[in-house]
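Report on the structure given below.
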Number of protein chains: 2
Amino acid sequence: MLLIKIGGGKDINRDFIAEDIATLIQRGEKIVISVYTDKKAMDIFLMSYAGLVNKRMVASLQKHGVNAIGLSGIDGRLWEAKRKDVVYAVENGKTKLVKDNLTGKVEKVNSDLIELLIKHGYVPVICPPAISFCHEIVNTDNDFASATMAEALGVKEMVVLFEAPGMLKDVHDEKSVIATIEKEKLGDYLPFAVGRMKKKLLGTQTAFDRGVRKVYWGDGRIAHPIFNVLNGIGTVIS
Amino acid sequence: MLLIKIGGGKDINRDFIAEDIATLIQRGEKIVISVYTDKKAMDIFLMSYAGLVNKRMVASLQKHGVNAIGLSGIDGRLWEAKRKDVVYAVENGKTKLVKDNLTGKVEKVNSDLIELLIKHGYVPVICPPAISFCHEIVNTDNDFASATMAEALGVKEMVVLFEAPGMLKDVHDEKSVIATIEKEKLGDYLPFAVGRMKKKLLGTQTAFDRGVRKVYWGDGRIAHPIFNVLNGIGTVIS
């Protein structure tokens, strides 16, 4: 089974991605797709994201003959999270205790549902939010959730697509792609990681902790995004 | 199998509805839920609706121990629609031909997916948009789609919940509920139907045309909305 994580950037080309997925499925590959968001915004924003981005990915896949089903972590209790009791936020320079923050960490995955859908020919397209053990809708870190999902499903290989050709040595030079990284040395690359990349790096580290053996990072903007990374165009971490 | 249609009004109480559904499921009833929208707005609005209203209904059901799964008509090609080639719109008093209008009529339902989920203990919560035979996301009339879905599933009884206690003789008097209507005489009630109610009436007529034998109309704002209508509080059409 191959887990494919897709970035939320505006230049990500869903059609290119869907085309590759269609080919992989024709070859008998089992696929689970996770649509990325790292926006820690309010409930309503998340909902519209879950509605908008998720359903558009589903429609792109349908166009390529892949019978996709879009699900959030709420549906079928797909992603169950432990809600954070309290979080600290900085407001006007002061650290504040926030008690009504609806975020959580995914601890339990309904892998039965994912396997049921795949067994019957559907491709699940999964996105936040999650549902807490006390039934609240909670925002959650998708990188962490994906790693937890990979473990629950016994996923060994993961594809991560975003708006860059891979891990860059120099963030301003798209040609400075680091082709391979040893997973044990992943931490050494934290200084090269800027912004979102830092989060992706930590997410990948979690994935390895959860049993994943190989992670491909690659460009979600160009044609054949998935075949590119599987053929070594991008960054391969193992 | 019981098909429950829930209105999109702001006073509809999802928790009350979820409570009744939980009880029905404990009793072994098979349930399919359809969340209502009649807004013919743009794609993005629909998406956020599909995200927001649908997922909140799912979370309400989860809170009551019902393992709901929210799906749009796009997911798994649940609702396949024939896209309307051209529609006519009135703009500044002039009738205009619109060629890029993304609406359609649901003609095919993936009942296998619904039955698969129900068989495995999930309750599907379904909402627009649909997917066209040419893979476009299309807005669709939920009343008509529900009737088509009822036929595909062999549904004989349908519950329709909205922001009124039933079909009213006088729209300004909530006590003027018409308790029973013979399905053959449904057309006679069109003069009493105002606004959305007219659409509901036509939708119910379609449901009867598609093999449904009994339709319950009732109040989605108060406690025990489903048990009320099943016990005759509201309008029973048969």
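Chain letters run A, B, ... following the sequence lines, proteins first and then strands; every chain starts at 1. Note that the structure is a prediction, hence the values are computed from the model and not measured.
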If you tally heavy-atom pairs under 4.5 Å against chain A, which of B/L117, B/N110, B/D112, B/L116 wins?
B/L116
Within 45 degrees of the axis of the six-membered ring of B/F144 and under 6.0 Å from its centre: does B/K105 put its NZ or CZ there?
yes
Evaluate the side chain to side chain contact (heavy atoms under 4.5 Å, CB included) criterion for residues B/I126 and B/D75: first the C-alpha distance (whole Å), next the side-chain angles of each, then the deciding distance (0.1 Å), finally the verdict.
CA-CA 10 Å; B/I126 301 160; B/D75 301 300; over 6 Å; no
Have B/R210 and B/T148 got a donor and an acceptor in their side chains that come within less than 3.5 Å?
yes
Whatever's closer than 4.5 Å to a heavy atom in chain B on A/A59 counts as both
Modelled atom types, side-chain donor and acceptor of A/T204 and A/W217, under 3.5 Å:
yes
Heavy-atom cut-off 4.5 Å, strictly under: side chain, backbone, both or neither for B/L78 against chain A?
neither
